[in-house]
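Here is the structure we will look at, set down as structure tokens.
Remember, predicted model here, so these are calculated numbers, not experimental data.
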Amino acid sequence: DVFEFEKFIDSKYYSGEREYNKFFSQVLDVYSKGIHKIDNDEFINQLKETTGFNKSTLLNRLSELYKICEMYLITKEIEKDEQERKKLLLKIFSDRNSEKLFEYTYNSVYKYTHQKKYNLWTSNILKEIYGPLYKFYFKNGNYAKFQDAYIKKLDYSIIDLLINIFQHLF
């Protein structure tokens, strides 16, 4: 995971013009010496010696590195789950009124879920994708498609509820 994070922080998109690999290595070096045994002030002092940064610059770099780490964790999580990624794209395309991209993504999710065995997972996915779909159609004034998508969302919500009830009864 450390190697993948180092590749991630090389990206200019996240790090801008700064080189974070050397700084990250210095943080790891200080950490490996037993950070859990020292308080924050001592950690900062050791990093100041190692990096040559003043306290203000050091805290700024640590904050930036932490934000990059957050983006790395979010990105890794989204990469793992294609359906969550597609649901997020549906929301983004809907918010941006990108009708063709929205419908393309929706159709791929719909097709994928209909190829799977029907269960709580597929029911839940279908319920969730009809939410952005009916909102999208309503926002764009396509009331016939809105009504159809809204009814399907309700249907899948009821199916989802019934599956949950039966799973807990048996």
Side-chain angles (χ1 to χ4, degrees), residues 1-98 100-102 104-113 115-117 119-133 135-136 153 156-157 160-161 163-164 167-168:
D1 232 13
V2 171
F3 177 72
E4 286 186 34
F5 181 65
E6 287 175 335
K7 287 188 343 187
F8 188 83
I9 60 178
D10 270 344
S11 166
K12 295 297 179 198
Y13 181 78
Y14 294 104
S15 63
E17 295 301 315
R18 293 209 170 118
E19 299 276 335
Y20 279 97
N21 273 330
K22 181 179 177 188
F23 179 66
F24 180 60
S25 294
Q26 292 167 326
V27 170
L28 286 179
D29 185 49
V30 171
Y31 179 80
S32 68
K33 293 177 184 173
I35 186 176
H36 57 280
K37 297 176 185 173
I38 60 175
D39 63 12
N40 286 346
D41 288 334
E42 181 59 30
F43 175 67
I44 296 298
N45 287 334
Q46 286 185 21
L47 267 178
K48 279 173 41 179
E49 285 177 25
T50 304
T51 63
F53 293 144
N54 65 38
K55 186 175 181 176
S56 176
T57 300
L58 184 61
L59 292 175
N60 186 33
R61 294 285 168 87
L62 284 170
S63 176
E64 291 168 354
L65 189 61
Y66 180 79
K67 288 176 186 174
I68 293 171
C69 184
E70 285 180 333
M71 291 308 300
Y72 170 75
L73 293 172
I74 291 168
T75 301
K76 292 302 288 180
E77 193 62 32
I78 289 172
E79 283 177 355
K80 283 193 259 179
D81 192 340
E82 182 180 355
Q83 294 309 306
E84 284 298 318
R85 191 169 57 248
K86 298 256 181 179
K87 287 190 299 185
L88 182 59
L89 284 171
L90 284 172
K91 181 186 178 326
I92 291 167
F93 294 147
S94 176
D95 291 347
R96 295 181 180 191
N97 291 324
S98 302
K100 290 194 185 294
L101 289 171
F102 180 90
Y104 173 80
T105 304
Y106 165 77
N107 288 333
S108 72
V109 172
Y110 185 83
K111 185 178 179 180
Y112 177 80
T113 52
Q115 292 171 350
K116 298 290 182 189
K117 180 181 173 189
N119 58 25
L120 182 59
W121 181 82
T122 54
S123 172
N124 192 29
I125 293 293
L126 290 168
K127 176 185 76 171
E128 289 183 29
I129 66 170
Y130 277 107
L133 185 65
K135 292 174 187 172
F136 179 77
K153 180 184 176 18
Y156 285 113
S157 295
D160 190 41
L161 174 67
I163 289 172
N164 272 318
Q167 279 185 335
H168 288 91

Open item on the list: Tell me if the aromatic rings of Phe5 and Phe24 count as close, with their centers under 6.0 Å from one another.
Closed with: yes
Open item on the list: Between Phe23 and Glu19, is the side chain to side chain contact (heavy atoms under 4.5 Å, CB included) condition met? List the steps.
Closed with: CA-CA 8 Å; Phe23 179 66; Glu19 299 276 335; over 6 Å; no
Distance, nearest 0.5 Å, that separates [atom1] of [X] from [atom2] of [Y]:
X	Y	atom1	atom2	result
Arg85	Lys80	CZ	NZ	12.5 Å
Ile9	Met71	CD1	CE	14.5 Å
Asn45	Glu49	CG	CD	7.0 Å
Lys48	Asp41	NZ	CG	9.5 Å
Phe102	Phe136	CZ	CZ	6.0 Å
Phe93	Tyr104	CZ	OH	10.0 Å

Task: Exam field: side chain Asp29 to backbone Ser25, donor-acceptor pair closer than 3.5 Å - done: no
Report all side-chain donor-acceptor pairs from residues 57-68 shorter than 3.5 Å, counting only partners two or more places apart or in another chain.
{"unit_1": "Thr57", "atom_1": "OG1", "unit_2": "Asn54", "atom_2": "OD1", "d": "3.1"}
{"unit_1": "Asn60", "atom_1": "ND2", "unit_2": "Glu64", "atom_2": "OE2", "d": "3.4"}
{"unit_1": "Glu64", "atom_1": "OE1", "unit_2": "Arg18", "atom_2": "NH1", "d": "2.6"}
{"unit_1": "Glu64", "atom_1": "OE1", "unit_2": "Tyr20", "atom_2": "OH", "d": "2.1"}
{"unit_1": "Glu64", "atom_1": "OE2", "unit_2": "Arg18", "atom_2": "NH1", "d": "2.6"}

Open item on the list: One thing to verify: whether Asp95 and Lys91 come together as a salt bridge, which I'm taking to mean a side-chain N less than 4.0 angstrom from a carboxylate O.
Closed with: yes
Open item on the list: Can you tell me which residue among Ile74, Asp81, Thr75 is in a side-chain contact (heavy atoms from CB on, under 4.5 Å) with Ile78?
Closed with: Ile74
- [ ] Answer yes or no: is there a side-chain heavy-atom contact under 4.5 Å between Val27 and Phe43?
- [x]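 Yes; the side chains approach each other to less than 4.5 Å.
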Task: Closest non-hydrogen atom pair, Lys55 against Ile44 - done: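 Lys55 and Ile44 have their closest heavy atoms at CG-CG2, 4.2 Å.
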TODO: Go through the steps to decide whether Lys7 and Glu4 satisfy the test salt bridge (Lys or Arg N to Asp or Glu O under 4.0 Å), and finish with yes or no.
DONE: CA-CA 5 Å; Lys7 287 188 343 187; Glu4 286 186 34; over 6 Å; no
